[in-house]
Amino acid sequence: MELLVVKDENEVGRAAADAVIEGLSGAEPPVLGVATGSSPLSTYRHLAEAVKEGRFDPRPVRAFALDEYRGISPEHPESYHAVIRREVCERVGLLPEHVRVPPGRAKDPVSACAEYEAAMAAASGVDVQILGIGSNGHIGFNEPGSSPTSRTRVQRLAPQTRRDNARFFGGRVEDVPEECVTQGIGTILEARRIVLVAQGESKAAALAALVDGPVTVDCPATALQGHPSVLIVADEAAASRLTPRG
Ligand code: GLP
């Protein structure tokens, strides 16, 4: 894994956007894995800048989102369907018909998840996957205990994740859905290139476990240690607990 430590959130976004553009170049069509949460927002801002500057064409890009809550409507402003529509389609300019989000409302989630995986495979997989990391080390919504070979499926959210995400729901933990659909760790690991972004002190422990710790299901992100092409872009606060490198 390659680690890049930069000053602040804006610089994380700049470096990650450049890595995304580079990783997608030459792919036909380019397939981007998109993440939600606050971490990738500066990356999307810089991708939007690159579009304005003529350095990135979003129109041919196909995209697959990592996860979605269960039990809220796609019209809910904090559903990941809505977040992806705002931040990826409206801001960056990807075409809505090229962007898929996991099926949070499916009546038959098992076949809907299999269909999502089949759509990813039919697109020849993901060229670059943007990832955040949860304060408990989750990627997508793969909570501690998730198998490194897991596929797209329904998961229960960890109490820590519901507390962390209450800020998107007016501070009310009880309004954060209890379940989600998430790509599995095995699904995520099939991306050809992974760009993980982390900002702020609240991510420092999870990042230290990812970079310096052993591979363990207690910190799902550590499964990335076995991937051949991972770039971690962190700001100084998120990198503050890493073992100093010579
Ligand atoms: C969220 C998402 C993840 C995200 C992580 C961190 O709940 N499901 O994809 O990477 O948790 O969120 P944030 O970037 O807001 O800290």
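Ligands are counted one by one from 1 in listed order, and the atoms in each one are counted from 1 as well. Positions are given from 1 along the sequence.
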For this session: Over 60° means perpendicular and under 30° means parallel, so classify the ring planes of His76 and Phe169, tilted if in between.
Result: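 Answer is tilted, since the angle falls between 30° and 60°.
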Checklist entry - Under 3.5 Å, is there a donor-acceptor pair between the side chain of Asp235 and the main chain of Gly200? => result yes
Nearest-0.5 Å distance, CD of residue Glu179 to CD of residue Glu68: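 Those atoms lie 13.0 Å apart.
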Would Gln155 and Thr182 count as having a side-chain donor-acceptor pair, cut-off 3.5 Å?
no
**Prompt:** Are any of the side-chain nitrogens in Arg55 or Glu53 under 4.0 Å away from the carboxylate oxygens of its partner?
**Reply:**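 Yes, charged N to carboxylate O under 4.0 Å.
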Requested in this report: List the atom of Gly132, the atom of Ser39, and the distance in Å for their closest heavy-atom pair.
Outcome: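 So the minimum-distance heavy-atom pair works out to CA-CB, 4.3 Å.
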Write none if no such pair exists; otherwise list each N/O atom of ligand 1 with its protein N/O partner under 3.5 Å and the distance.
{"from": "ligand 1", "atom 1": "7 (O)", "to": "Tyr80", "atom 2": "OH", "distance (Å)": "3.4"}
{"from": "ligand 1", "atom 1": "7 (O)", "to": "Asn165", "atom 2": "ND2", "distance (Å)": "2.8"}
{"from": "ligand 1", "atom 1": "8 (N)", "to": "Asp67", "atom 2": "OD2", "distance (Å)": "2.8"}
{"from": "ligand 1", "atom 1": "8 (N)", "to": "Gly140", "atom 2": "O", "distance (Å)": "3.3"}
{"from": "ligand 1", "atom 1": "11 (O)", "to": "His138", "atom 2": "NE2", "distance (Å)": "2.8"}
{"from": "ligand 1", "atom 1": "14 (O)", "to": "Ser38", "atom 2": "N", "distance (Å)": "3.1"}
{"from": "ligand 1", "atom 1": "14 (O)", "to": "Ser39", "atom 2": "N", "distance (Å)": "2.8"}
{"from": "ligand 1", "atom 1": "14 (O)", "to": "Ser39", "atom 2": "OG", "distance (Å)": "2.5"}
{"from": "ligand 1", "atom 1": "15 (O)", "to": "Ser38", "atom 2": "N", "distance (Å)": "2.7"}
{"from": "ligand 1", "atom 1": "15 (O)", "to": "Ser38", "atom 2": "OG", "distance (Å)": "2.9"}
{"from": "ligand 1", "atom 1": "15 (O)", "to": "Arg167", "atom 2": "NH2", "distance (Å)": "2.8"}
{"from": "ligand 1", "atom 1": "16 (O)", "to": "Lys203", "atom 2": "NZ", "distance (Å)": "2.6"}

